[in-house]
Structure formats: C-alpha cells, structure tokens
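Remember, it's 1-based here, ligands and their atoms both numbered in the order they're listed.
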Amino acid sequence: MKNFISVHDVPDIDKLVQKAFAYKAYPFKDKMLGRNKRIGLLFLNPSMRTRLSTQIAASNLGMDTIVFNIDKEGWKLEFEEGAIMSGNTIEHIKDAAPIMGSYFDILCIRTFPSLVNKRDDYSELFINQFIKYAGIPVVSLESATLHPLQSFTDIITIQELFEEQRKPKIVLTWAPHIKPIPQCVGNSFAQWINAWGNADFVITHPEDYELDTQFTDGATIEYDQEKALKNADFVYVKNWSSYTDYGKVLSNDSDWMLTREHLTVTNNAKVMHCLPVRRNVELSDEILDSGNSIANLQATNRVWAAQAVLAEILNNLN
Ligand code: CP
C-alpha cells in the first residue's frame with residue numbers, strides 16, 4: 001500500500017481486518033517497524049478520535065509523530081494551479097508539500113469539504129495536491145468526500161461482533177442535524193460495505209438526500225425508514241447534507257432521529273455512529289446509553305485500523 005485515500009488502496013479488505021485484529025491482541029508486536037520513521041499529522045479541521053487514535057497507532061509501531069494544526073498555526077495554503085496569490089492565501093501547496101515530504105516519512109491529512117464548490121470537493125483537490133507534491137505516502141484522516149479510516153474501523157467492528165453464519169443486514173440511515181454536514185462518512189461507509197460485499201446493505205434517507213451513486217451503487221435505496229430497518233443487524237446513523245442541492249439542509253424531520261421505538265422492527269440491532277454525535281437530535285439518549293450502542297467500540301477500534309494501515313505503508317517503505 002502506498003497511499004490510503006479510499007477502499008481502492010486496499011487489495012484485500014479481509015486480510016487488512018485480520019491484521020487489525022492481530023494488533024488489537026498484541027499492540028506492540030511490531031514496535032520496531034517504525035523505528036527512525038516520522039509521521040506528520042496535518043489538521044485543516046478539528047478532530048479528537050482520528051488524531052488521538054492515529055497518534056497512538058504510530059507510537060505502537062515505534063514512530064515519532066508531529067501534529068500540526070495547520071488551520072490555526074500554519075500559513076493559509078493555496079491549492080489552485082496557476083493562482084494569482086493576491087488574496088488571503090499565503091503559501092502554495094507546491095512550495096509547502098515538498099518541504100513536508102522532506103521532514104516526514106508518512107503524511108496524514110484531515111481536510112473537510114467546502115460544501116460550497118461541489119466540483120472542487122468531489123475532485124478531492126486538496127488531498128490530491130498533497131499527494132502530487134509531497135512525494136511521500138499520504139493517508140486520509142478524512143477528506144472532502146471520504147473517511148476511509150472510519151469505514152475500515154466500521155468493518156472491523158461489524159466483523160468483531162457478528163458471529164452468525166450468514167450475511168448481516170446493515171442499514172445506513174440518514175438522521176437530522178442542525179447544520180450542513182459533509183457526505184464523507186455516508187459515502188465512505190457505502191463504498192467500503194459495497195466493496196466488502198459480505199452484507200445485505202440498505203441505505204435509507206428522505207428523498208433528495210441521495211448520495212453520489214459512485215459510492216452507493218450495489219446498495220438498496222429505501223425511502224421508508226421503517227421498512228429499511230426491518231430485521232437489521234446493524235444500523236449506522238449519520239447525517240449528511242444534500243449532494244444534489246449541494247451542501248444544503250433540506251429537511252430536519254425529527255421522525256428520522258433513531259429512537260428505541262425504531263429498533264423494535266430490527267433484529268435487536270447494534271447501533272453505530274462515528275461520533276461526535278448530537279444527542280437527541282441524531283440519536284436518542286436511550287439508545288446511546290444502552291447496550292445496543294457500539295459507538296464506543298468503534299472509536300476504540302480506530303487505533304487498530306490506523307495501526308494496520310500504517311504498518312502496511314511502512315512495510316512498503318522498508
Ligand atoms: N469519527 C471521527 O472522525 O472523529 P473525530 O472527528 O473526533 O476525529
């Protein structure tokens with residue numbers, strides 16, 4: 001593996017899941033793998049889980065880590081080729097990225113979408129410019145359209161819990177939110193579950209909240225949430241803003257908030273959320289504080305997902 005930007009960078013998902021389980025059992029077994037290697041974690045946007053889990057994963061592999069909150073502490077970067085930099089951007093990615101490439105062995109980047117310019121967001125301009133100019137492996141800590149470390153974690157968590165000899169029914173359900181949220185987690189979860197191919201996969205949302213079909217093709221789309229939830233083994237709750245009417249909040253219908261009543265038609269489903277969660281807006285307290293919620297296990301498994309990915313990249317470097 002060279003970069004980790006989407007599921008397309010993973011030749012064998014199940015093999016990578018087994019690697020993550022091995023690290024969960026023996027976190028320090030490859031403590032020498034990252035010796036004398038340095039990882040840079042660049043944040044253009046806030047984070048808790050992604051930042052801490054990736055830092056712990058790197059430490060478990062013996063790497064040195066530098067965290068750079070570039071949005072607050074760095075120069076404002078320009079990403080457009082040929083830009084006349086007479087506005088508020090101070091340093092071009094062409095100048096900054098090669099320097100980071102000389103300081104680090106692996107560069108990890110969190111860069112959210114604008115939710116204004118769909119063309120730029122869906123071309124993944126920012127992360128692709130880092131890949132183009134850094135000259136070292138790049139790992140997405142959530143980009144404009146995808147959150148691959150989260151989705152990989154989600155598959156690890158489903159595999160850890162589901163022991164029956166059949167495919168699980170997994171439902172991704174839209175939830176209300178008070179502000180426009182990227183489509184990244186929904187896109188990425190759909191992309192990974194479809195690529196994994198070991199689930200009966202249904203996506204449910206109000207009309208006009210369709211995600212990009214490049215990620216959802218292969219899933220069943222069902223506008224009736226109750227029908228979608230029937231016999232579900234796992235329910236993934238996530239808000240996203242409109243993809244078609246880009247970045248807009250078209251509905252805030254609280255009926256879509258997952259409550260215990262919604263779960264009655266499921267197979268006593270495990271409820272997933274990437275966190276942070278708006279309690280009693282996206283998901284009710286009664287679910288989050290119950291044994292049905294596996295959101296904390298997902299967050300814990302972020303370490304093993306990141307460690308498996310970093311180890312694959314380090315093996316490719318060494
Ligand atoms: N799930 C997730 O990416 O959490 P953070 O935004 O806190 O990193």
Side-chain angles (χ1 to χ4, degrees), residues 4-7 9 20 24 39-60 65-73 106-115 121 124 126-127 138-158 160 170 172-175 177-193 211 215 234-241 258 270-279 281-283 287-288 293-310:
F4 184 76
I5 305 301
S6 82
V7 77
D9 295 306
K24 187 163 187 168
I39 188 169
L41 307 185
L42 259 62
F43 288 89
L44 283 81
N45 306 96
S47 169
M48 183 179 89
R49 280 145 289 267
T50 307
R51 170 180 168 157
L52 297 178
S53 61
T54 309
Q55 209 167 343
I56 293 165
S59 166
N60 288 350
T65 304
I66 293 179
V67 176
F68 185 15
N69 295 310
I70 196 167
D71 58 329
K72 297 182 189 73
E73 299 155 1
I106 300 175
L107 191 55
C108 303
I109 298 151
R110 168 164 283 202
T111 167
F112 286 171
S114 65
L115 292 180
D121 288 349
E124 289 285 7
F126 283 21
I127 205 153
V138 171
V139 172
S140 168
L141 301 176
E142 189 170 349
S143 65
T145 67
L146 295 169
H147 195 353
L149 280 173
Q150 179 67 53
S151 310
F152 174 40
T153 301
D154 298 334
I155 288 186
I156 292 168
T157 308
I158 289 166
E160 183 173 344
I170 301 173
L172 168 63
T173 182
W174 181 89
H177 203 287
I178 57 156
K179 60 178 214 167
I181 298 292
Q183 295 98 34
C184 308
V185 172
N187 284 343
S188 196
F189 186 70
Q191 186 191 48
W192 278 73
I193 296 293
L211 293 167
F215 306 118
F234 294 89
V235 180
Y236 204 109
V237 180
K238 188 71 186 91
N239 170 267
W240 57 86
S241 57
L258 203 79
K270 298 292 184 197
V271 178
M272 307 178 75
H273 193 288
C274 62
L275 303 177
V277 62
R278 293 263 181 173
R279 280 177 173 254
V281 175
E282 297 173 81
L283 248 171
I287 292 186
L288 279 163
S293 172
I294 56 170
N296 286 352
L297 179 62
Q298 288 170 264
T300 306
N301 283 340
R302 292 291 305 270
V303 173
W304 321 118
Q307 197 167 338
V309 167
L310 295 180

- Message: Show me which atoms of ligand 1 lie under 4.0 Å from any heavy atom of Cys274.
- Response: 1 (N)

- Message: Among all the protein's non-hydrogen atoms, which is closest to atom 7 (O) of ligand 1, and how far away is it?
- Response: Met48 N, 2.7 Å

- Ser143 and Pro113 have their tightest heavy-atom pair at O-CD, 4.1 Å

- Are a donor atom and an acceptor atom from the side chains of Glu282 and Asn239 found within less than 3.5 Å of each other? no

- Protein contact to atom 6 (O) of ligand 1 [nearest heavy atom, distance to 0.1 Å]: Arg110 NH1, 2.9 Å

- Residue-ligand contact Arg302/ligand 1, heavy atom below 4.0 Å: yes

- Query: Any sub-3.5 Å donor-acceptor pair from Arg110's side-chain atoms to Leu141's backbone N or O?
  - Reply: yes

- Could you check if a side-chain atom of His147 sits within less than 4.5 angstrom of a side-chain atom of Ser140, using non-hydrogen atoms only? no

- Task: Specify side chain, backbone, both or neither for Leu275, according to which of its non-hydrogen atoms lie closer than 4.0 Å to ligand 1.
- Result: backbone

- Is the backbone N or O of Phe112 less than 3.5 Å from a side-chain atom of Asn45, with the two atoms forming a donor-acceptor pair by type? yes

- Candidates Arg49, His147, Glu142; heavy atom nearest atom 3 (O) of ligand 1 found on His147

